[in-house]
Trainee: 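Submitted below is the structure of interest, expressed as structure tokens.
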Number of protein chains: 2
Amino acid sequence: MRSPQQPVFKALADPTRRAILKRLQQGSETAGEIAAAFTISKPSLSHHFNILKAADLVRTERRGQHIVYSLNATVLQEALAMLLDFFPPGDSSQEHDGSKTG
Amino acid sequence: MRSPQQPVFKALADPTRRAILKRLQQGSETAGEIAAAFTISKPSLSHHFNILKAADLVRTERRGQHIVYSLNATVLQEALAMLLDFFPPGDSSQEHDGSKTG
DNA sequence: TATATATTTAGACAAATATCAAAATAAATG
DNA sequence: CATTTATTTTGATATTTGTCTAAATATATA
């Protein structure tokens, strides 16, 4: 059930990879479509894809000549859960109740 | 208002640093107390402290000879918010309604 | 099979990172 | 001021990371 989060946090540490995830959030795309949106070379992108796959943040499916990448929201949720875990239960330091008079 | 999240994600990418944050979540500690909990050298820890400070994930206060480190929950919340931002509004893919028949 | 398109792998390299030992800085105390 | 304790900075080094070009693999189609 548990997954080691280290690869996920490593994967999220790079801005290019976060941008890839952000794109995939809008919907699945082929490697080529993603590559067209970035200035770095396709092999470099492919390297980032590998890291995202290793972290299980993206899934792939071959469609003819193309490889379609899609977001695996579950793993992102888990990273989220781990960050949330930093906040003790019942911590309401960031809550507001709307009773502000102004 | 906005803060560049890159240093935060870089900071979170290292397991030692996440462990430090985890400790500080329990309460503030001096550099020495933290160092005692890890096997790596004090200079290495100090390096990690610098990265955490640069990301504004921790704050420091001198108390006599000691430097007290404490968690800055706000920045962690911001990283959290950015991750949450990956999920489109109204996405209920992980929600459950308890109507399972059992 | 040959050719074109899509993507990845291999190999190289520069930059960034994590680590350490030794030296430096800061504060308390004799 | 000299010494002790706490912490950081410096400088070196090995590893990891991000990037590239060139080559390889996979699929579609003539």
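In what follows, every chain begins at residue 1, and chains take the letters A, B, ... in the order their sequences are listed.
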Trainee: Assign each of A/Leu45 and A/Gln65 to its nearest nucleotide of DNA chain C by heavy atoms, then name whichever residue's nucleotide is nearer the 5' end.
Mentor: A/Gln65

Trainee: Let me see the working for A/Leu57 and A/Leu24 under side-chain contact (heavy atoms from CB on, under 4.5 Å), right down to the final yes or no.
Mentor: CA-CA 10 Å; A/Leu57 279 164; A/Leu24 294 180; over 6 Å; no

Trainee: Taking B/Leu12's backbone N and O only, do any of them form a donor-acceptor pair with B/Arg17's side chain (distance below 3.5 Å, no angle check)?
Mentor: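 Not a single qualifying donor-acceptor pair exists.
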
Trainee: I'd like to check the side-chain contact (heavy atoms from CB on, under 4.5 Å) partners of B/Asp56; sequence neighbours left out, ordered by chain and number.
Mentor: B/Arg59, B/Asn72, B/Val75

Trainee: Suppose we screen for side-chain contact (heavy atoms from CB on, under 4.5 Å). Which residues come up paired with B/Gln65, at least two apart in sequence or across chains?
Mentor: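 Expected list: none.
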
Trainee: Residues in side chain to side chain donor-acceptor pair (under 3.5 Å) with A/Ser44, at least two apart?
Mentor: A/Ser41

Trainee: What are the 5'-most and 3'-most nucleotides of DNA chain C lying under 4.0 Å from any heavy atom of chain A?
Mentor: C/dT5 to C/dT9

Trainee: Over how many whole Å does the gap from A/Asp14 atom CG to D/dT19 atom P extend?
Mentor: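 Answer to the nearest Å: 6 Å.
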
Trainee: Within residues 47-59 of chain A, find the residues that approach DNA chain D with a heavy atom at under 4.0 Å, and present them sorted by residue number.
Mentor: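 Contacting residues: A/His47, A/His48, A/Ile51.
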
Trainee: Using five base pairs at each end to define the local axes, how bent is the helix from C/dT1-D/dA30 to C/dG30-D/dC1, to the nearest 10°?
Mentor: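 Answer for the end axes of this duplex: 10°.
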
Trainee: Using whole Å, what does the distance between atom P of nucleotide D/dT17 and atom CZ of A/Arg18 come to?
Mentor: 16 Å

Trainee: Who are the side-chain contact (heavy atoms from CB on, under 4.5 Å) partners of A/Thr16, not counting sequence neighbours?
Mentor: A/Asp14, A/Ile20, A/Phe38, A/Ile40, A/His48

Trainee: Of the residues in residues 32-41 of chain A, which ones touch DNA chain D at a heavy-atom distance under 4.0 Å?
Mentor: A/Ile40, A/Ser41

Trainee: Quick one: side-chain contact (heavy atoms from CB on, under 4.5 Å) partners of A/Ala35, sequence neighbours excluded?
Mentor: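 By the side-chain contact (heavy atoms from CB on, under 4.5 Å) rule, A/Ala35 matches A/Lys42.
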
Trainee: When you measure from the side-chain N and O atoms of B/Ser46 to the phosphate of D/dT7, is any distance below 4.0 Å, counting only OP1 and OP2?
Mentor: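 For B/Ser46, the contact criterion (side-chain N or O under 4.0 Å from OP1 or OP2 of D/dT7) is not met.
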
Trainee: List the residues meeting ring-ring contact (aromatic ring centres under 6.0 Å, His included) with B/Phe9, not counting sequence neighbours, and say none if there are none.
Mentor: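 Here no residue qualifies.
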
Trainee: Go through the steps for B/Phe49 and B/Ile34 under the test side-chain contact (heavy atoms from CB on, under 4.5 Å), then give the verdict.
Mentor: CA-CA 10 Å; B/Phe49 294 155; B/Ile34 297 170; 3.9 Å; yes

Trainee: Between A/Gln6 and B/Ala13, is there a donor-acceptor pair closer than 3.5 Å when you use the side chain of the first and the backbone of the second?
Mentor: yes

Trainee: Among all residues two or more places apart in sequence or in another chain, which pass the salt bridge (Lys or Arg N to Asp or Glu O under 4.0 Å) test with B/Arg63?
Mentor: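 Listed in chain order: B/Glu61.
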
Trainee: Counting any heavy atom closer than 4.0 Å, what does A/Arg63 reach on the DNA or RNA strands: base, sugar-phosphate only, or nothing?
Mentor: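 Counting heavy atoms under 4.0 Å across all strands, no contact is made by A/Arg63.
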
Trainee: Can you check side-chain contact (heavy atoms from CB on, under 4.5 Å) on B/Glu33 and B/Arg23, steps first, answer last?
Mentor: CA-CA 10 Å; B/Glu33 285 167 344; B/Arg23 284 186 71 87; 5.6 Å; no

Trainee: The criterion is side chain to side chain donor-acceptor pair (under 3.5 Å); which residues satisfy it with B/His66, sequence neighbours excluded?
Mentor: none

